[in-house]
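Only one structure is covered here, and it is reproduced in the block below.
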Amino acid sequence: MPSNIGEGRGVRSVQRAFDILSLLSEDRRTLTIREVVDETGLAKTTALRLLQTLEHMGLLWATPKGFTAGPALWRWAHLARSAWELPAETVQLMRELGARHRETVNLYVPRDVRRICIAQQESPQPLRHVVRVGDELPLWAGASSKVLLIQAPERLLVRVARSSPYGEAHVATLRAWIGRAAHDGYAASHGEREPGLSAVAVPITGPVSSAGAASTVGTGSTVSTGSTVSTGSTGSTGGAVGGGGRAAVAALTLSGPTVRFTEDRVREFAADLREAAKRMSERGFDHPLT
């Protein structure tokens, strides 16, 4: 019994410590004890004890103005960057897309009923769409969601639909969107999640085992079944590999204000995105979340 209590307290302490660290941001780089107490609801003695522990571990650093990020976080950030950083060729392809079209370029990977932005090349235009790297967005709408859900099993579509404002009835709409994306080889969206925002997305593919085993991303979120992803009339993004097919592992997206995403521009964006995605797929797309 005592060990269980200790374990429970330990988990709570870890959660509280991360709650404190999460208060740091680009806009607030220093924390006072008063701010920690006010925003976490912790007793002052508890907050002070946690702050001192985090400082001892190097995760925080005490200054005359308060506590700031410590050197241990820098070491962890370096490790995370080396593990999560995309290949230079992939980054360059995204930069070139952004320079040609002057719209924001994003890479998304699926995780359960959401998609995570793992890279971004921001548009240089004053009116633009920006998603921070690490942001999670829903899978129930948006161009990237449509290509990420190609080949998704019914149970995942139901869960995605239930997470939407429309409930389980949204499954029928998802099926229609996914079917069109699979046929065309790309997907477009106009104001589905945010009014005035449009996007065009294509799949980046990876090999599936010859046994056709489904790949999973996150907890209980099967996203592919091992059949080949189509790119519409321009051909496949990749044929059979070792007896298996290729499945969408990421989505390459251009996004911006709807007023700039005319029908002609959407087709132009799609063609260029497909070429870039083909090169990324052929190179081999590798990321910790895929």
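Since we're looking at a predicted model, the values are computed, not measured. Numbers for residues simply follow the sequence, beginning at 1.
Remark: the backbone N or O of L197 is not paired with any side-chain donor or acceptor of S255 at under 3.5 angstrom. In this structure a side-chain-to-backbone donor-acceptor pair under 3.5 Å is present from S189 to A143. A donor-acceptor pair is defined here as one N or O able to donate and one able to accept, closer than 3.5 Å; such a pair exists between the side chain of S123 and the backbone of R102. In terms of modelled atom types and a separation under 3.5 Å, the side chain of E55 and the main chain of L60 share no donor-acceptor contact. Judged by distance alone, with hydrogens and angles left aside, the side-chain atoms of R29 form no donor-acceptor pair with the main-chain N or O of L24 at under 3.5 Å. Side chain of S144 to main chain of A251: no donor-acceptor pair is present (N/O by atom type, distance under 3.5 Å, no hydrogens or angles).
Counting heavy atoms from C-beta on, the side chains of H183 and R180 never come closer than 4.5 Å. The shortest side-chain heavy-atom distance between L156 and L139 does not fall under the 4.5 Å cut-off. With contacts defined as side-chain heavy-atom distances shorter than 4.5 Å, the pair R16/T40 does not qualify. Between H101 and R260 there is no side-chain heavy-atom pair separated by less than 4.5 Å. Between V249 and T205, the closest side-chain pair of non-hydrogen atoms is not below 4.5 Å. The shortest distance between side-chain heavy atoms of L97 and L273 falls below 4.5 Å. Considering only heavy atoms from C-beta on, V171 comes within 4.5 Å of E154 through its side chain. Under the 4.5 Å side-chain criterion, counting only non-hydrogen atoms from C-beta, W140 is not in contact with V113.
Between E39 and R28 there is a salt bridge, with a side-chain nitrogen of the basic residue lying less than 4.0 Å from a carboxylate oxygen of the acidic one. Classification of R267 and D264 as a salt-bridged pair holds, one side-chain N sitting under 4.0 Å from a carboxylate O. Under the 4.0 Å criterion applied to side-chain N and carboxylate O atoms, R132 and E26 are not assigned as salt-bridge partners.
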Practice problem: Any chance you could lay out the side chain to side chain contact (heavy atoms under 4.5 Å, CB included) test for V36 and L50, step after step, and finish with the verdict? | Solution: CA-CA 10 Å; V36 172; L50 287 168; over 6 Å; no
Quiz item: What's the verdict on side chain to side chain contact (heavy atoms under 4.5 Å, CB included) for H170 and R162, showing C-alpha distance, side-chain angles and the deciding distance?
Solution: CA-CA 8 Å; H170 190 53; R162 287 173 178 167; over 6 Å; no
Practice problem: Determine, step by step, whether E192 and K146 satisfy the salt bridge (charged side-chain N to carboxylate O under 4.0 Å, His left out) criterion, reporting the C-alpha distance in whole Å, the side-chain angles of both residues, the deciding distance to 0.1 Å, and the verdict. | Solution: CA-CA 12 Å; E192 292 173 1; K146 297 171 187 178; 2.6 Å; yes
Self-check item: Test side chain to side chain contact (heavy atoms under 4.5 Å, CB included) applied to E268 and R265, step by step
Solution: CA-CA 5 Å; E268 180 185 344; R265 291 287 280 165; 3.1 Å; yes
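Put simply, I33 and L21 are part of the same group of oily side chains (I, L, V, M, F, W, Y) that touch within less than 4.5 Å, one to the next. Side-chain heavy atoms closer than 4.5 Å link hydrophobic residues (I, L, V, M, F, W, Y) into clusters, and following such links, possibly through other members, connects F67 to W76. Hydrophobic cluster membership differs between V133 and V109, with clusters built from Ile, Leu, Val, Met, Phe, Trp and Tyr side chains linked at under 4.5 angstrom. Criterion: ILVMFWY side-chain heavy atoms under 4.5 Å apart, direct or through other members. Under it, W74 and L31 are not part of a common hydrophobic cluster. Note on Y166 and V158: separate hydrophobic clusters, where clusters join Ile, Leu, Val, Met, Phe, Trp and Tyr whose side-chain heavy atoms are under 4.5 Å apart, directly or indirectly.
Here the shortest heavy-atom pairing between V37 and A47 reads CG2-CB, 3.9 Å. Minimum heavy-atom separation, A69 to W61: O-CB, 4.1 Å. The two residues T30 and K65 make their nearest non-hydrogen contact at CG2-O, 3.4 Å. Scanning all heavy atoms of the two residues, the minimum distance from A248 to V147 falls at CB-O, 3.6 Å. Contact record, L127 with P257: CG-CG, 3.5 Å, taken as the closest heavy-atom pair. Across every non-hydrogen atom of W177 and A141, the tightest pair is CZ3-CA, 4.0 Å.
T253 OG1 to L148 CG: the interatomic distance, rounded to the nearest 0.5 Å, is 7.5 Å. The distance from the CG atom of L252 to the CG atom of L93 is 8.5 Å, given to the nearest 0.5 Å. Taken to the nearest 0.5 Å, the CG atom of L254 stands 11.5 Å off from the OG atom of S198. Rounding to the nearest 0.5 Å gives a distance of 4.5 Å between CD of E122 and CZ of R128. Rounding to the nearest 0.5 Å places CD of Q92 at 13.0 Å from CG of L86. Here the OH-CD1 distance, from Y108 to I118, works out to 11.0 Å after rounding to the nearest 0.5 Å.
Shown here are the salt bridge (charged side-chain N to carboxylate O under 4.0 Å, His left out) partners of R283, two or more places apart in sequence or in another chain: E89.
For F261 and H190, the gap between ring centers reaches or exceeds 6.0 Å.
Enclosure of atom CZ in R279 is not indicated, since only 12 or fewer non-hydrogen atoms of other residues, nucleotides or ligands lie within 6.0 angstrom. Other residues, nucleotides and ligands place no more than 12 heavy atoms under 6.0 Å from the CD atom of E263. R34 CZ: 12 or fewer foreign heavy atoms inside a 6.0 Å radius.
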